[in-house]
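Scope of the values below: all heavy atoms of this structure, side chains included, with no hydrogens, waters or symmetry mates.
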Amino acid sequence: AYIPSTGLFIVISFCLYNLYLFVAKKPIEYRLVFTVCITGVFVLLSAISLNRSGKWMNTEVLMNSVLDYDDKNYHAFFILGNYYSARNFYQKAENSYQSCVSLKPDYTDAFLNLGNTEFHLKNYGQAEKCFKRVIEIDPTDKEAYNNLGVVYEKYGEFNEAIENYRKSARLGYEPAIVVLKYYGFEW
């Protein structure tokens, strides 16, 4: 994040040093003007760097800064949802993922994460819809089948749960295989 600013400082410092070598041979008035100019340049660059640092404070601040610039950036909403979800701020995560999928309705990762978030919020019906939407978009998404199995298990619909665990296991999803083995089922 700070590499471009650092690189800019290095390049400008190198140029100013070479300019200083040239000015050092000039009368004192030139050197005073040069010193004031160098100070001004470094103060300006420091202010720019400080301003940028504030925007890169953390993921939330950065993504909100991106959304201030482009409120249709579905990927920024997705990253923000992940940020909130990782911190157990599920309501904020839900809002971010909802914004993401409204902008990109075929984004399976966002629907999957939205489904997981809905599950954490105990909105099992919404979680089920999200996982079914993922499967509708990508019938080979092994995690969506597994998570749908978890929802059905929560409902007490064990036949549906096992069917979805089997689909997930057949696609090679290890957690589904573990669940099926635990319950004594083949896949």
Side chain Asp138, main chain Val134, donor-acceptor under 3.5 Å: no
Check: Pro105 main-chain N/O paired with Arg133 side-chain donor or acceptor under 3.5 Å: yes
[Y] side chain reached by [X] side chain, heavy atoms, under 4.5 Å:
X      : Y      : result
Asn64  : Val61  : no
Pro175 : Val179 : no
Leu80  : Glu60  : yes

Residue that, paired with Tyr107, satisfies ring-ring contact (aromatic ring centres under 6.0 Å, His included) out of Tyr74, Tyr97, Phe77: Tyr74
Of all the heavy-atom pairs spanning [X] and [Y], show the shortest one and how long it is.
X      : Y      : answer
Leu171 : Pro139 : CD1-O, 4.3 Å
Gly115 : Ala127 : O-CB, 3.4 Å
Ala93  : Ser85  : CB-N, 3.7 Å
Asn116 : Glu143 : ND2-OE2, 4.3 Å
Gly149 : Ala161 : O-CB, 3.3 Å

Value rounded to 0.5 Å, distance of [atom1] in [X] from [atom2] in [Y]:
X      : Y      : atom1 : atom2 : answer
Thr35  : Ile28  : OG1   : CD1   : 8.0 Å
Lys92  : Tyr84  : NZ    : OH    : 4.5 Å
Thr108 : Leu114 : OG1   : CG    : 12.5 Å
Glu128 : Glu157 : CD    : CD    : 7.5 Å
Asp109 : His75  : CG    : NE2   : 9.5 Å
Cys100 : Asn73  : SG    : CG    : 9.0 Å

Any chain of hydrophobic side-chain contacts (each under 4.5 Å) joining [X] to [Y]?
X      : Y      : value
Val150 : Val178 : no
Phe131 : Phe158 : no
Tyr182 : Ile177 : yes

Any side-chain donor near an acceptor of the partner, Glu153 and Tyr165, under 3.5 Å: yes
Pairing residues for Lys122 by the side chain to side chain contact (heavy atoms under 4.5 Å, CB included) criterion, not counting sequence neighbours: Tyr124
Non-neighbouring partners of Leu121 that pass side chain to side chain contact (heavy atoms under 4.5 Å, CB included), sequence neighbours left out: Tyr90, Gln91, Glu94, Thr117, Glu118, Asn123
Tyr83 and Ile79: CA distance, side-chain angles, deciding distance, side-chain contact (heavy atoms from CB on, under 4.5 Å) verdict: CA-CA 6 Å; Tyr83 175 84; Ile79 292 170; 5.5 Å; no
Residue Asp68 excluded, over 12 heavy atoms near CG under 6.0 Å: yes
Lys129, NZ atom: more than 12 neighbouring heavy atoms under 6.0 Å: no
All pairs passing side-chain hydrogen bond (donor to acceptor under 3.5 Å, both in side chains) where residues 166-176 contributes a residue, at least two apart: Glu163-Lys167
